[in-house]
Amino acid sequence: MSDPIRLSINGMACAGCVTVVEDALKTVPGVSSAVVNLGERTAIVEGEGVSADALVEAVRKAGYDAAELRGLDDESEKEERELAEYHRLWWRALVAGGIGFGLFVAGFAGWLPPVDQGQGVWLAISVITFAVLSTVGGHFFRGAFASLKAGRGNMDTLVALGTGTAWLYSTLVVLLPEQLPALARHAYFDAALIIIGLVSLGSALESKARGKTSLAIKRLIGLQPRTARVIRNGKELDLPVEEIGLDETIRIRPGDRIPVDGEVIQGSSHVDESMLTGEPMPVAKQVGDTVYGGTLNTQGSFLMRATRIGRDTALAHIIELVRQAQASKPPIGRLVDKVAAVFVPVVVSVAVITFFIWYRFGPEPQLAYAVVTGMTVLVIACPCALGLATPISIMVGVGKAAEHGILIRNGEALQRAGQLDTVVFDKTGTLTEGRPQVVSVQALPGGDEDELLQVAMALEAGSEHPLGQAIVEHGQAQDLEPAAVEGFEAISGAGVRGRVSGRACLIGNRRLMAEHDIDVAALQDEVERRAGEGETPMFVACDGRLLGIISVADRVREDAVEAVRRLHDLDIEVVMLTGDNRHTAEAVAAHIGIDRVLAEVLPGDKREEIARLQQQGKVVAMVGDGINDAPALAQADVGIAIGQGTDVAVEAADIALLRSSPSSVADAVALSRATLRNIWQNLFGAFVYNSLGIPVAAGVLYPFFGILLSPVIAAAAMSMSSVTVVSNALRLRHLRL
C-alpha cells in the first residue's frame, strides 16, 4: 500500500460534514480508508493507486474545498488559510451582528414604523437582510445545498433553514400583511441577522481555541531546521534540508539542531533529546553513535553521516504517528458519528412537528408562534458540539502524550488503555536496565575460574542474548581470549551448547543441565542463595561434568518501584513475565512490589500467557522491548513498546514509549483515562445541551411558566456550546503526569 495522503479540508462545521466528506473520499477508486478530523480540519486517506487530485475533486464535488498537505510549505499555507478564515468569521460576525443589532435597537426604540404601515421601509430592510444573508451568510446556504445533494444534513442545513424561514416569513408579512392576523404581523429580520452573527462569532472563538489543540504537532514540526551545513567536494554549503542526500556528510556546531538522522563519524558532543524522549539529561555522543533529526546539539562540534532523510527520519515517523492518532476515531467516536448521521433529520422533523403543534393548538398569533418555535428548534440544535466532543479531546490527549514521549497509534488504543486493569511487564529491559553484568564466577572446588570463564565466553561469543554479551564483556575486561567453538547451537529458553577445544560444553539453566543428566547438587545451595538476591546464575559444564556457575545481575531501574506504585494507585494489577528462574524473578518482584510473577516462560509461550489472562476477563497491556515480545504485544489488548525497543516490537505495539522508563506506562494509562473522562464530559454536555435545549426551544415551558426561548438566545447558546467543548478539551494540556 502506498503512503497515506493527507488533505486539508475547508468548510466543515459539524459531524454531518465529516460524514459527507468521508463518504465522498471513499467513492474514489482505490481508497481503502478515509478518516476525517473535524478538530484539525484534515483527512488521511489510504489506498492503492489513489491520486491526490482525484481526492481533492471528490471533496469539491461534495461542496467543500481541499488541498494536499505534503511538506512544511503546505502546512504553512494551511495555517495562513485558517488565519484568513478566522478573520473572515470575525468580519461576518461584526457585519451581520452589527446590522441585526441595529435593527433590533431601532425597533425597540420605536424608530421603525409598524410593518403594515411602512411597507417601503420594511421592503428595503428585507432587501438588505437578503443581501447580508446571501453574502456574509452565503456559505451556510451553499453548505446546506451541497449536503442535501449528498443526501445528508449538517449544521449549515439547520442554520440555513432557520434564518431562511425567518427572512421568508418576515418578507411575506411585509408584502401581504392583510393576509395575516394583526398579532402575527411581526418581522424577524433582526433575528435572522443576529443568528448569522452569533454563529460566526462562536465559530471564530472555536477556531481560536482549536488552534491551541494542535500546539504539540506544531512544536514537533518546528523541531526540524530549515537548512543544514553539508560538506560536498570539500566545500561547506548551507543547503535546505530537503536537498540533503543519503550518506552525505553534515557538520553540526554547538547550538545546532540536527537536520536528519545519522551516525557520528568525527568528534563528540552531548545532545539534548528531551523534545523526542522526554529525558531531561543530554546524551553523550561519540563516533559510531546514532543521532536523530530535530534534537539539539548542546556542546561540542562533530561530523555526521546522513542515514535517514525525509519521511524516513525518526522525527518524521513520530509526526506521522501523532497525526494519524489525532485523526483516528475510537469506538466511542464511531458511535457518535452514527448518532450525528440521523441527528439533523430528527431535528428537522422535531421542528416541523413543533410548527404544526403551535399552529394548531397555540395561542394567538398562532402562525407567529409556530414560526418562532420552529426556527428556534432548528438553531439551538446544531450538532457542532456533538461533532467536536470526541476528536478535539483525542487531538489534545494524543498531543500531550507526544510531548511526554508517548506515541499512541490510534484512538482505539487510547480508549483501550483507559480501560486497563492488568499490566504485564517483560522483566529484562523494561523493569531492569537491560544491561546485565557478571557479579560472580564460581568454579567447583579445585577448578579453574579462568577456564570456566573462557569456556563460557567461547559459547556465548555467537549469542545475541544480553546475558551472553555480559559474560563476553566481563571476560574481555579480564584480558581473556575465548577458545574456538564448533557446532554452536542456541536452545530457546534454556541456553547454548557447542564444542570448545574438542569438548562438548553447555551453558544455561537447570533445565538444560537436567536434559543432559548433569549433576548440579554441589552448587545447589549457592544457586538458590544468588537467585534469592535477584541474580541469574548459569551453569557451565563440559563432557557431562559441571565446571561451575556464573552469576549475572541486571540492575532494577531506579523508577521501577515508583512506576508500580503509581499503577497500583490506578487500581491496576502488575504482572512480571520472564524467562528467568523463579527464585530470581520472585526476588526482583518482591523488591519492586509486583503482584504476580510468571517465571521460566519460554519466548514462544509469552503470547499464550497473555491470552490466558484475557480468558480470565482481564483487560491486559503487555510492556516489552524485544523481538520475542512482538507476538505477546500483538495479543494484548494494548501492546506497549518501551524505550529503544526493536523496530519489530514497536510495529507490533499500540503505544510506543520513547523513554526507557516504566513510569511512562503509568503516564500513558493516566493520560488515556483523563482523555476518556474528557470525551465523556464533552459528550454528556453536548447531549444534555440538546436534550434540554430542544424541548425548551419547542416551548415546553410556555404552558407552565409563560417562557418562550428567543431564536437569538438559542443561537448564542448553540455557539457557546462548541466553545465550551473545545475549552474543556484544552484542560488536558495542563494535566500533570
- State which residues pass ring pair (Phe, Tyr, Trp, His ring centres under 6.0 Å) with W358; sequence neighbours excluded, sorted by chain then number. Y369, Y702
- Can you list the residues that meet the ring pair (Phe, Tyr, Trp, His ring centres under 6.0 Å) rule with F130, with sequence neighbours excluded? W167
- What distance do D65 atom CG and L7 atom CG have between them, rounded to the nearest 0.5 Å? 10.5 Å
- Rounded distance (nearest 0.5 Å) linking atom CD1 of I9 with atom CG of L55: 9.0 Å
Between [X] (side chain) and [Y] (backbone), is there a donor-acceptor pair under 3.5 Å?
| X | Y | value |
| --- | --- | --- |
| K618 | T422 | no |
| K26 | V31 | no |
| D654 | A413 | no |
| R673 | L420 | yes |
| E22 | V36 | yes |
| N37 | T42 | no |
| T376 | A697 | no |
| N678 | N728 | yes |
| W122 | S170 | no |

- Task: Take R41 and S8 through the side chain to side chain donor-acceptor pair (under 3.5 Å) test and state the conclusion after the steps.
- Result: CA-CA 6 Å; R41 275 28 177 199; S8 66; over 6 Å; no
Note, [X] side chain near [Y] side chain (heavy atom, < 4.5 Å):
| X | Y | value |
| --- | --- | --- |
| F355 | V371 | yes |
| V127 | L123 | no |
| V423 | E573 | no |
| L193 | F189 | no |
| I125 | L112 | yes |

- Query: Sequence neighbours excluded, which residues qualify as side chain to side chain contact (heavy atoms under 4.5 Å, CB included) partners of H87?
  - Reply: L83
- Consider only side-chain N and O atoms of S126 and T171, and report whether a donor and an acceptor are under 3.5 Å apart. yes
- Check: T390/N682 side-chain N/O donor and acceptor closer than 3.5 Å: no
- Task: Evaluate the criterion side chain to side chain contact (heavy atoms under 4.5 Å, CB included) for residue pair W111 and V105; output intermediate values, then yes/no.
- Result: CA-CA 9 Å; W111 298 340; V105 171; 4.2 Å; yes
- Got a sec, which residues hit side chain to side chain donor-acceptor pair (under 3.5 Å) with R677, two or more places apart in sequence or on another chain? none
- Task: If a pair satisfies ring-ring contact (aromatic ring centres under 6.0 Å, His included) and one of its residues is in residues 704-737, list it, with sequence neighbours excluded.
- Result: none
- Apply side chain to side chain contact (heavy atoms under 4.5 Å, CB included) to the pair I655 and L407, showing each step before the final yes or no. CA-CA 6 Å; I655 298 176; L407 302 183; over 6 Å; no
- Less than 4.0 Å between a side-chain N and a carboxylate O, is that true for D667 and R566? yes
Using distance only, find each side-chain donor-acceptor pair of residues 90-103 under 3.5 Å and give its atom names and separation, not counting sequence neighbours.
residue: W90; atom: NE1; partner: Y86; partner atom: OH; Å: 3.0
residue: R92; atom: NH1; partner: E85; partner atom: OE2; Å: 3.4
residue: R92; atom: NH1; partner: H139; partner atom: NE2; Å: 3.4

- Item | Nearest atoms (heavy-atom pairs only) where Q415 meets P331 | OE1-CD, 3.2 Å
- Task: Using the side chain to side chain contact (heavy atoms under 4.5 Å, CB included) rule, take V159 and F141 through it: C-alpha gap first, then chi angles, then the decisive distance, then the call.
- Result: CA-CA 8 Å; V159 173; F141 294 88; over 6 Å; no
- Message: Let's go through I196 and V136 carefully: what are the C-alpha distance in whole Å and the side-chain angles of both, what is the deciding distance for side chain to side chain contact (heavy atoms under 4.5 Å, CB included) to 0.1 Å, and is it a yes or a no?
- Response: CA-CA 8 Å; I196 294 293; V136 175; 4.3 Å; yes
